[in-house]
Amino acid sequence: MSLFDRMSDEVLDKLNSLKKEISPSEEYREKNVLSDKEEEELKEEILKQIEIEEQENEAEFLDFMTGPSSLNENKGVVEVEYYGNLGYVDISFESLDENITESEYQTILQAIENIAYQTNRELWKESVRIIESFGERSIIILFRECRKFDLSDDKIKSLIIQLLNRLTNRSLKGRRIIKAILEKATIRQHINFAILVAGSIRDQESVSGLLKRMSDPEYFKGSLDALLNIAKKESIPDIFNEINNLDLRRTDLIEHAIKNAYRFSEFGTSAVKVIFELYIKNEKYPLGPIYTTALRSFQEDAIPMLKKVLNETDDDNLLIPICQTLGSLRMTHSTNVLVQALEEFPDKKRAIIRGLSYTRSEGVLSYVLSELKTSNDLKVKQECLLTIGFIGNRNQNVQEQIKPYLNNKNSMLYLEALNCMVSLGNEESFLKYVSLLVEGSEFEKRTLQRHVAKLQPYQHKKLAESLLTLSDEKSLFIICGLLQANVLNSDIGPIIIKRLDYAKLPALRIEIYKLIGKHVNKKKELLPQEVLYDAKRTESDVRVVREIDHIISSMKKEQGRITINRETRE
């Protein structure tokens, strides 16, 4: 248990206040992002370079670069603004730096090729030393020859990015090149290099260019990583706007965003409110985990704001995500906020109990069981049963307390109670669950199908195994239930293909193909996509073939997956 978990609200608030007043020494402060002071010092240094450039070269620079003839002669010359000052960069890299001689160029080129084509580490070090000795004059040559480098080799990639970092970090010329490429270049290798370097030097002036590149799926991952490195607070809405525009079929990109969303904590505690306000406006379910992961990254710093909104709002659209986020922090302090609110705000109990389910803590079980017994609100009771299923952990005593609700058909609680018992590992209830799923009323079938996604992986497998003994008509309901789950273990695949071998009903075959297609190219794919292509050639039913065509056209073509479970479900 962390120190924060042991603290009262009063002590935590005092400590947070002290934390804001104390400035850690430069020696010990973690260099994740540039401080405001460091950013200002760097800006002053670059502005001095701009001033010197204007004083020494103004007449020649304007005559050569601003005339329309020169811009037309070299279409690679583009205008770029840096700290409000205009400059010009040749992003075609066809011309060498005017201060580089041919022999110097050949020296730098040989050093570049030593890094690109040799594996001797000592030779690399010497080559880096040679390139760095030419300072910013070698930047253009590095970009000109960037195709030589294999960026899939992490060692080469790291070496070159560190080299470009040192060359461009305090160089007006280098920073202009990076920004110009991000905003206006078309050559893929140049763009990839610029994205990596912009993130490495944490160039805030490059944010607009990175946001532009983020809209292209090819550059999304690198651009997001760079923007998270830079951590410019004002860019948060724009970053999430680009995330919101993602093609939901590109689960590889969504997964990357989920995995890296913890880094939003580097934007500072003021970002909590911004991210939360964007989160409650999000209408795309698969993107929810990106927001919640970002909010959870702030840990105890997120609690005061979340608690304040929880206390003040009555809007379920706000309450539910607030409570879910508080619960998912899984800190004693955040859990206590929910428990305290359960007593203080009787009209908010449904959302609060939903939040308690995210804690995964048996310590809150007594509170939820008490609400189940005493509440007169059907929706609250339903939420209690769902929550108990998540946190009850096969507790036999808990199962005995749930059993009376299995016969409460007048209030329709029996289906939630049945799902709860199944979640608690009750075998008899699982058999009843399967029976109602295939033979119950339409209402029972639809309700239990929605609950299939909440079952444990071993229960999904047992459900799939039941297909082998059921008729086509009954198997159809099982498959429709399994289709509700976003994640299924791959051990279900062989069962599905075995059942497909003797499935006669076209509707069943179609739903099985849909299930296969939904999980194709995921980390836990049920079956490879070749199964669908083979089926397209061998199926004789025209309707089935047409549906397979539709499945193939809409299935995910790229590697990637989204893990959606109770921890991250929004």
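Note that the CD1 atom of Ile178 and the CG atom of Leu196 stand 9.5 Å from one another [nearest 0.5 Å]. Residue His190 holds its NE2 atom at 10.5 Å from CG of Asn192, rounded to the nearest 0.5 Å. Atom CD1 of Ile239 sits about 6.0 Å away from atom CG of Leu228, to the nearest 0.5 Å. Residue Ile108 holds its CD1 atom at 3.5 Å from CD1 of Ile141, rounded to the nearest 0.5 Å. Considering CD1 of Ile46 and OH of Tyr82, their distance stands at 6.0 Å, rounded to 0.5 Å. Note: His519 NE2 to Leu488 CG = 4.0 Å, rounded to the nearest 0.5 Å.
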Q: Evaluate the criterion side-chain contact (heavy atoms from CB on, under 4.5 Å) for residue pair Thr293 and Phe264; output intermediate values, then yes/no.
A: CA-CA 9 Å; Thr293 302; Phe264 277 101; over 6 Å; no
Q: Report the C-alpha separation of Leu246 and Phe220 in whole Å, then their side-chain angles, then the decisive distance to 0.1 Å, and conclude whether the side-chain contact (heavy atoms from CB on, under 4.5 Å) test is met.
A: CA-CA 9 Å; Leu246 281 173; Phe220 175 87; 3.7 Å; yes
**Q.** Leu306/Phe298 under side-chain contact (heavy atoms from CB on, under 4.5 Å): CA gap, chis, key distance, verdict
**A.** CA-CA 11 Å; Leu306 294 172; Phe298 293 92; over 6 Å; no
Q: Please report the C-alpha distance between His256 and Asp225 in whole Å, then the side-chain angles of each, then the deciding distance to 0.1 Å, and finally whether the side-chain contact (heavy atoms from CB on, under 4.5 Å) criterion is met.
A: CA-CA 9 Å; His256 183 82; Asp225 292 347; 2.9 Å; yes
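A donor-acceptor pair under 3.5 Å is absent between the side-chain atoms of Asn114 and the main chain of Ser127, judged by distance alone. Judged by distance alone, with hydrogens and angles left aside, the side-chain atoms of Arg360 form no donor-acceptor pair with the main-chain N or O of Ser328 at under 3.5 Å. Judged by distance alone, the side chain of Lys233 and the main-chain N or O of Ala271 form no donor-acceptor pair under 3.5 Å. Judged by distance alone, the side chain of Asn336 and the main-chain N or O of Thr332 form a donor-acceptor pair under 3.5 Å. A donor-acceptor pair is defined here as one N or O able to donate and one able to accept, closer than 3.5 Å; no such pair exists between the side chain of Arg176 and the backbone of Val89. Put simply, the side chain of Lys273 never gets that close to the backbone of Met305: no donor and acceptor are under 3.5 Å apart. Remark: the backbone N or O of Gln118 is paired with a side-chain donor or acceptor of Trp124 at under 3.5 angstrom. Proximity of a side-chain donor or acceptor of Thr325 to a complementary backbone N or O of Pro321 within less than 3.5 Å is detected. Of the possible donor and acceptor atoms, one in the side chain of Ser138 sits under 3.5 Å from a partner among the backbone N and O of Gly135. Counting only distance, with no hydrogens or angles, the side chain of Lys307 and the backbone of Leu326 share no donor-acceptor pair below 3.5 Å.
The 12-atom threshold is exceeded at CD of Glu234, counting heavy atoms of other residues, nucleotides or ligands nearer than 6.0 Å. Heavy-atom contacts from other residues, nucleotides or ligands closer than 6.0 Å to NZ of Lys148 number more than 12.
Remark: Asp252 engages Arg250 in a salt bridge, criterion side-chain N to carboxylate O under 4.0 Å. Classification of Lys48 and Glu44 as a salt-bridged pair fails, no side-chain N sitting under 4.0 Å from a carboxylate O. Contact check on Glu132 versus Arg166 returns a salt bridge, with a Lys/Arg side-chain nitrogen under 4.0 Å from an Asp/Glu carboxylate oxygen. Under a 4.0 Å N-O distance rule, the pair Glu126/Arg129 qualifies as a salt bridge.
The ring-ring contact (aromatic ring centres under 6.0 Å, His included) test applied to Tyr291 returns Phe240, Tyr279, not counting sequence neighbours. Under the ring-ring contact (aromatic ring centres under 6.0 Å, His included) criterion, Tyr219 pairs with no residue, sequence neighbours left out. By the side-chain hydrogen bond (donor to acceptor under 3.5 Å, both in side chains) test, Gln49 pairs with no residue at all, sequence neighbours left out. Scanning for side-chain hydrogen bond (donor to acceptor under 3.5 Å, both in side chains) contacts around Glu45 gives Arg170, with sequence neighbours left out. Contacts of Ser235 classified as side-chain hydrogen bond (donor to acceptor under 3.5 Å, both in side chains), with partners at least two apart in sequence or in another chain: none. Contacts of Glu530 classified as side-chain hydrogen bond (donor to acceptor under 3.5 Å, both in side chains), with partners at least two apart in sequence or in another chain: none.
Taking both residues in full, the closest heavy atoms of Lys179 and Glu205 are given as CE-O, 3.2 Å, listed atom of the first, atom of the second, then distance. Annotation for Arg137 and Ile100: closest pair CB-CD1, 3.6 Å, computed over non-hydrogen atoms. Smallest separation of non-hydrogen atoms from Val272 and Leu295: O-CD2, 3.8 Å. In this structure, Met214 and Leu224 approach most closely via the heavy-atom pair CE-CD1, 3.8 Å. Heavy-atom minimum distance, Ser171 versus Glu136: OG-OE1, 2.5 Å. Ile290 and Ala261 get closest at one heavy-atom pair: O-CB, 3.4 Å.
Counting heavy atoms from C-beta on, the side chains of Cys146 and Gln189 come closer than 4.5 Å. The closest side-chain heavy-atom distance from Asp216 to Ile191 is not below 4.5 Å. Side-chain atoms of Val197 and Ile161, non-hydrogen and from C-beta on, do get closer than 4.5 Å to each other. Contact annotation: the side chain of Arg121 approaches that of Lys155 to within less than 4.5 Å [non-hydrogen atoms, C-beta and beyond]. Between Gln324 and Thr292, every side-chain heavy-atom pair lies at or beyond the 4.5 Å cut-off. Ile131 has its side chain within reach of Ile115: a pair of non-hydrogen atoms, C-beta onward, lies under 4.5 Å apart. Using a 4.5 Å cut-off on side-chain heavy atoms (C-beta onward), Ser215 and Asn245 make no contact. At a threshold of 4.5 Å between non-hydrogen side-chain atoms, the residues Leu338 and Cys323 count as touching.
Inspection of the Asp301 and Thr269 side chains reveals no N or O donor paired with an N or O acceptor under 3.5 Å. Using modelled atom types and a 3.5 Å distance limit, the side chains of Gln106 and Gln110 yield no donor-acceptor pair.
Results of the side chain to side chain contact (heavy atoms under 4.5 Å, CB included) test with Ile322 over Ile352, Leu310, Ile280, Asn311 single out Leu310 as the only residue that passes. None of Asp238, Leu227, Leu182 except one satisfies the side chain to side chain contact (heavy atoms under 4.5 Å, CB included) rule with Val207; the exception is Leu227.
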